[in-house]
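A short write-up of the structure that comes next.
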Amino acid sequence: KQFLKRNKLTQSSSKNTVKYLLKFLKVFGQGSLDSNTIFEILETIIKAQPELFNNIRIVLINLVYESEIIDNLVNFFSRAESVELQRLCTETIITVVIYLVQKTNLNAEASSIKNTKEFLSKLSERIPKVFYNNLQCFIKLYEHESYILRNAISDILFNILRNVLNADTE
C-alpha cells in the first residue's frame with residue numbers, strides 16, 4: 001500500500017500493475033504471492049482509482065477461460081472480504097454468465113465453456129451465498145443450448161441447496 005501511495009500511480013501504470021499481478025497469480029499460483037497480498041493491492045488500486053474497476057474485471061474474465069488457473073481463481077474469488085472486492089468478484093461472475101447466455105454458437109469455444117463450467121461449479125461450492133443472491137442470472141443457463149452450461153447450473157443449485165440444508169441442521 002505504501003508503494004502505491006508513494007508512487008502515485010497513473011491510470012496506465014495502474015492498469016499495467018493489475019495485469020502484472022493477475023498474470024503473476026496465473027504463472028506462479030498461490031505459492032509465491034498469496035491472494036491476500038494481491039487483494040490488498042487490488043483494493044488499494046480500486047479505492048485510489050475507481051475508474052479502473054472495469055479494467056480489472058475484464059482481465060479477470062479473460063483469466064476464467066484458461067484451465068490452468070481455475071483453482072487459483074476460485075481461491076482468489078472466494079477470499080474476497082472487502083465490499084469493493086466482493087463487488088468486483090460478483091460482477092465478474094455475472095458478466096461471464098451474461099456473455100455466455102448471449103452467445104448462440106459455442107462449439108468453437110468448447111474449452112472456454114468447459115473451463116467456465118468448472119470455475120462456476122467450484123466457486124459455487126466455496127461461496128454459495130453469492131450464487132444464491134444472484135440466482136436469477138444463473139437460472140438463464142438452463143435455456144442455453146450447451147449441455148455443459150446447463151450442467152453448470154445444476155451444480156450451482158446443488159451447492160446452494162447443500163449450503164441451505166447444512167445451515168438448517170447446525
Side-chain angles (χ1 to χ4, degrees), residues 15-43 45-46 52-82 84-103 105-135 137-142 144-163 166:
K15 286 182 193 177
N16 291 335
T17 302
V18 169
K19 287 180 183 177
Y20 172 76
L21 285 169
L22 296 174
K23 284 182 183 180
F24 190 85
L25 177 66
K26 174 184 170 186
V27 174
F28 297 106
Q30 303 295 338
S32 302
L33 183 65
D34 72 15
S35 58
N36 283 335
T37 304
I38 295 172
F39 268 129
E40 286 178 17
I41 295 169
L42 287 177
E43 187 172 26
I45 291 172
I46 290 171
L52 292 176
F53 183 89
N54 285 329
N55 295 336
I56 296 169
R57 188 170 47 100
I58 289 167
V59 172
L60 287 171
I61 289 167
N62 289 327
L63 290 176
V64 168
Y65 301 125
E66 301 187 33
S67 62
E68 66 272 3
I69 192 171
I70 295 297
D71 290 332
N72 288 341
L73 278 176
V74 168
N75 287 334
F76 186 73
F77 277 66
S78 65
R79 294 177 71 184
E81 293 178 4
S82 73
E84 291 90 356
L85 293 175
Q86 286 179 358
R87 180 176 156 242
L88 172 67
C89 293
T90 301
E91 287 189 21
T92 301
I93 296 166
I94 291 171
T95 304
V96 166
V97 171
I98 289 171
Y99 172 76
L100 292 173
V101 167
Q102 293 173 350
K103 297 280 280 181
N105 184 5
L106 293 170
N107 291 335
E109 300 178 41
S111 65
S112 64
I113 296 300
K114 290 176 186 172
N115 294 342
T116 303
K117 185 254 186 222
E118 182 182 356
F119 173 72
L120 293 173
S121 296
K122 287 181 176 183
L123 192 59
S124 67
E125 202 173 315
R126 300 275 294 272
I127 52 172
K129 289 181 182 181
V130 170
F131 287 83
Y132 174 75
N133 291 334
N134 297 287
L135 195 54
C137 172
F138 301 108
I139 291 293
K140 294 176 185 174
L141 291 175
Y142 268 135
H144 204 276
E145 66 185 42
S146 170
Y147 170 76
I148 295 170
L149 289 178
R150 291 192 310 268
N151 195 16
I153 186 60
S154 296
D155 289 351
I156 291 167
L157 288 172
F158 172 78
N159 290 327
I160 290 170
L161 284 173
R162 183 176 52 198
N163 183 59
N166 284 342

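These figures come from a predicted structure and were not determined experimentally.
The shortest distance between side-chain heavy atoms of Asn75 and Arg126 falls below 4.5 Å. Counting heavy atoms from C-beta outward, Ile93 and Phe77 have side chains that approach closer than 4.5 Å. Put simply, the side chain of Asn159 does not reach to within 4.5 Å of the side chain of Phe131, judged on heavy atoms.
With sequence neighbours excluded, the residues forming a side chain to side chain contact (heavy atoms under 4.5 Å, CB included) with Thr116 are Val64, Tyr65, Val96, Leu100, Leu120, listed by chain and number. Partners of Asn151 under the side chain to side chain contact (heavy atoms under 4.5 Å, CB included) rule, at least two apart in sequence or in another chain, are Lys117, Tyr147, Ser154, Asp155. Judged as a side chain to side chain contact (heavy atoms under 4.5 Å, CB included), and not counting sequence neighbours, the contacts of Ile58 are Asn62. Judged as a salt bridge (charged side-chain N to carboxylate O under 4.0 Å, His left out), and not counting sequence neighbours, the contacts of Lys122 are Asp71, Glu118. Taking the side chain to side chain contact (heavy atoms under 4.5 Å, CB included) definition, one finds that Phe158 meets it with Arg162, sequence neighbours left out.
Across Leu149, Ile160, Val97, Leu157, a single residue satisfies side-chain contact (heavy atoms from CB on, under 4.5 Å) together with Phe138, and that is Val97.
Residue Phe53 qualifies as enclosed at atom CZ: its count of foreign heavy atoms under 6.0 Å is above 12.
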Report the C-alpha separation of Tyr132 and Asn163 in whole Å, then their side-chain angles, then the decisive distance to 0.1 Å, and conclude whether the side-chain contact (heavy atoms from CB on, under 4.5 Å) test is met. CA-CA 10 Å; Tyr132 174 75; Asn163 183 59; over 6 Å; no
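Sorted by first and then second residue, the salt bridge (Lys or Arg N to Asp or Glu O under 4.0 Å) pairs with a member in residues 54-65 form an empty list; sequence neighbours excluded.
Shortest non-hydrogen contact noted between Ser78 and Leu123 is N-CD1, 4.0 Å. Of all heavy-atom pairs spanning Ile98 and Cys137, the tightest one is CG1-SG, 4.3 Å.
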